[in-house]
Structure formats: C-alpha cells, structure tokens
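So the structure is just underneath, and the comments pick up after that.
Keep in mind that what you see is a predicted model, and the values were worked out from it rather than measured.
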Amino acid sequence: MKGIFTDKDAATLLKALNSTGIFATCGRKTPNVMVAHWGTLGKLWGRNVFLLPIRSSKYSYQIVSQTKSFALNIPARDMRTEIALCDTLSGFNCNKFEALGLHPKRARSIDAYVLGGSGLVVECTLVASIPPEAVCQVTDGLLPQGRAHTLFAGEIIDCYRL
C-alpha cells in the first residue's frame, strides 16, 4: 500500500533540506546516491511534486534521465559526516553506497534503491524536466556559468518510514 504524503512529512523533508541536506537515490542496475541541499516542494498540475536540481555533469543526472524516478531519503539519525563525504565522491568512480557504508534497500514503488534506516523516504516519478536554458534568468548571476542545474519535477507517489 502506498503511503500518503502528509503536512508533517513535508515539514520533516523541508527541515532536513534546509539544515544538513538530504540524500537522493536513483537507479537499480547502477544505483547512486547524491546529496541535495536545495530543491522545492509544492503543487504542479494538481500533483504533489518535489523539484530536484541536478547538474548535467553528475552521474545521478544520467540515471534520473533514464529511469524517470528518484527517491528522497531523510536520515533518522545524524548523518552529517556521510552527507559531507557523499558530496566529495563521484558515482562515476565508485559505488557510493559501499564507500559510505550505507545500506541499500529496494524501493517500494519505483525501480531504485533507498537508504535503509531512513527516517522518511519519499519516492517520486518524473512528470517534467526543465533544462537550464528554459529558465528565464531575471536576476543576474542566478545561473552561474557551468553550474546550471536541470530541475527534475518528481510527482510524490509513495511516502513511508523505514
């Protein structure tokens, strides 16, 4: 049974995102984990969505583009060390789950892995991807050269605690 995404879940996700960051996982054949320090949660086209920004140079970009899904994993315990280390590793060069001592667990509703021991897991399927060139830059310096992100709009389809 798919879990309902509540206001309490939204508050938990946003609090973690705005403090230490959250883990985003994607893929099953070639799973990867990355850290998100920003994104947005809201409604688009009558659906609960999370906008996950990923630079095109990242391994997760390739996986999310192919699988059309990702999961947000909010730690149940203090994982600042793992979050900081995750930001320094590349999924192109290593299995970050193994390198960080993280325990993958099969996602419930998408073809991916999530982090075992997560306090909250939010599974999303893509409803849109917005490339950097489609963003109308009104503020100077908003999209620094070489650091632009594609915004992946994922509909929240499942939510649960592990």
Side-chain angles (χ1 to χ4, degrees), residues 13-42 44 47-75 79-137 139 141-159 162:
L13 189 157
L14 291 173
K15 180 179 179 187
L17 186 68
N18 290 320
S19 58
T20 59
I22 60 174
F23 292 104
T25 55
C26 55
R28 183 170 172 208
K29 289 181 185 175
T30 56
N32 195 46
V33 58
M34 63 173 254
V35 173
H37 295 284
W38 57 283
T40 191
L41 182 63
L44 281 175
R47 301 165 189 237
N48 288 322
V49 298
F50 185 84
L51 243 51
L52 178 66
I54 308 176
R55 284 198 314 260
S56 62
S57 62
K58 299 296 184 183
Y59 188 48
S60 291
Y61 175 90
Q62 289 181 2
I63 296 171
V64 172
S65 294
Q66 291 171 354
T67 64
K68 310 289 189 233
S69 63
F70 60 87
L72 308 171
N73 303 262
I74 294 83
M79 295 185 76
R80 283 180 281 196
T81 300
E82 291 88 344
I83 286 172
L85 288 172
C86 189
D87 271 345
T88 67
L89 300 173
S90 170
F92 285 115
N93 301 324
C94 70
N95 179 325
K96 290 202 259 182
F97 283 98
E98 289 177 5
L100 297 168
L102 303 172
H103 305 287
K105 183 177 168 115
R106 199 60 184 88
R108 289 194 331 190
S109 301
I110 62 173
D111 195 21
Y113 286 96
V114 298
L115 298 184
S118 291
L120 180 67
V121 175
V122 178
E123 295 184 19
C124 302
T125 58
L126 284 191
V127 291
S129 61
I130 305 160
E133 57 273 10
V135 177
C136 178
Q137 182 174 245
T139 304
L142 182 64
L143 303 173
Q145 191 70 7
R147 307 255 324 148
H149 295 69
T150 294
L151 301 175
F152 289 101
E155 178 182 4
I156 297 169
I157 61 162
D158 203 354
C159 179
L162 292 175

Interatomic distance, E82 atom CD to L100 atom CG [nearest 0.5 angstrom]: 7.0 Å

Is there a side-chain contact between K68 and T125 (heavy atoms, below 4.5 Å)? no

Is there side-chain contact between T30 and I63, with heavy atoms separated by less than 4.5 Å? yes

Taken to the nearest 0.5 Å, the spacing of Y113 OH from C26 SG works out to 13.0 Å

Between C124 and I110, the two heavy atoms sitting closest are O-CG2, 3.9 Å

Among I54, L52, I130, T40, which residue meets the side chain to side chain contact (heavy atoms under 4.5 Å, CB included) test with L151? I130

Close side-chain approach of L115 to T25, heavy-atom, < 4.5 Å: yes

Under 4.5 Å between any side-chain heavy atoms of H149 and W38, yes or no? yes

Spatial distance of atom SG (C159) from atom CG (L72) [nearest 0.5 Å]: 9.5 Å

Run L17 and L41 through side chain to side chain contact (heavy atoms under 4.5 Å, CB included) and show every step you take. CA-CA 11 Å; L17 186 68; L41 182 63; over 6 Å; no

Flag the pair T150 / P53 as yes when at least one side-chain heavy-atom distance between them is below 4.5 Å, and no otherwise. no

Is any side-chain heavy atom of M34 closer than 4.5 Å to one of F70? no

Between K96 (side chain only) and V33 (backbone N and O only), is there a donor and an acceptor less than 3.5 Å apart? yes

Is there a donor-acceptor pair closer than 3.5 Å between any side-chain N or O of E155 and the backbone N or O of N48? no

Would you call P104 and V114 a side-chain contact if the rule is heavy atoms closer than 4.5 Å? no

Gap between atom CD1 of I74 and atom CD1 of I22 - 0.5 Å precision: 5.0 Å

Can you measure from CG (L126) to OG (S69) and round to the nearest 0.5 angstrom? 7.0 Å

Answer yes or no: is there a side-chain heavy-atom contact under 4.5 Å between L13 and F50? yes

Heavy-atom closest pair (S60 atom, N32 atom, distance to 0.1 Å) is OG-ND2, 2.8 Å

Test side-chain hydrogen bond (donor to acceptor under 3.5 Å, both in side chains) on D87 and H37 and set out the steps. CA-CA 10 Å; D87 271 345; H37 295 284; 2.8 Å; yes

On a heavy-atom basis, the closest approach of F152 and S65 is CZ-OG, 3.6 Å

Which atom names give the shortest non-hydrogen contact between P31 and F97, and what distance separates them? CB-CE1, 3.8 Å

Without swapping roles, check the side chain of S90 against the backbone of F92 for a donor-acceptor pair under 3.5 Å. yes

Using modelled atom types only, decide if a donor and an acceptor are shared between the side chain of N73 and the backbone of A71 within a distance under 3.5 Å. yes

Begin with the C-alpha distance, continue with both residues' side-chain angles, and end with the deciding distance and a verdict on side chain to side chain contact (heavy atoms under 4.5 Å, CB included) for R28 and T67. CA-CA 9 Å; R28 183 170 172 208; T67 64; over 6 Å; no

Rounded at 0.5 Å granularity, tell me how far CZ in R108 sits from CG in L162. 8.5 Å

Between R106 and D111, does at least one N-O distance fall below 4.0 Å, as a salt bridge requires? yes

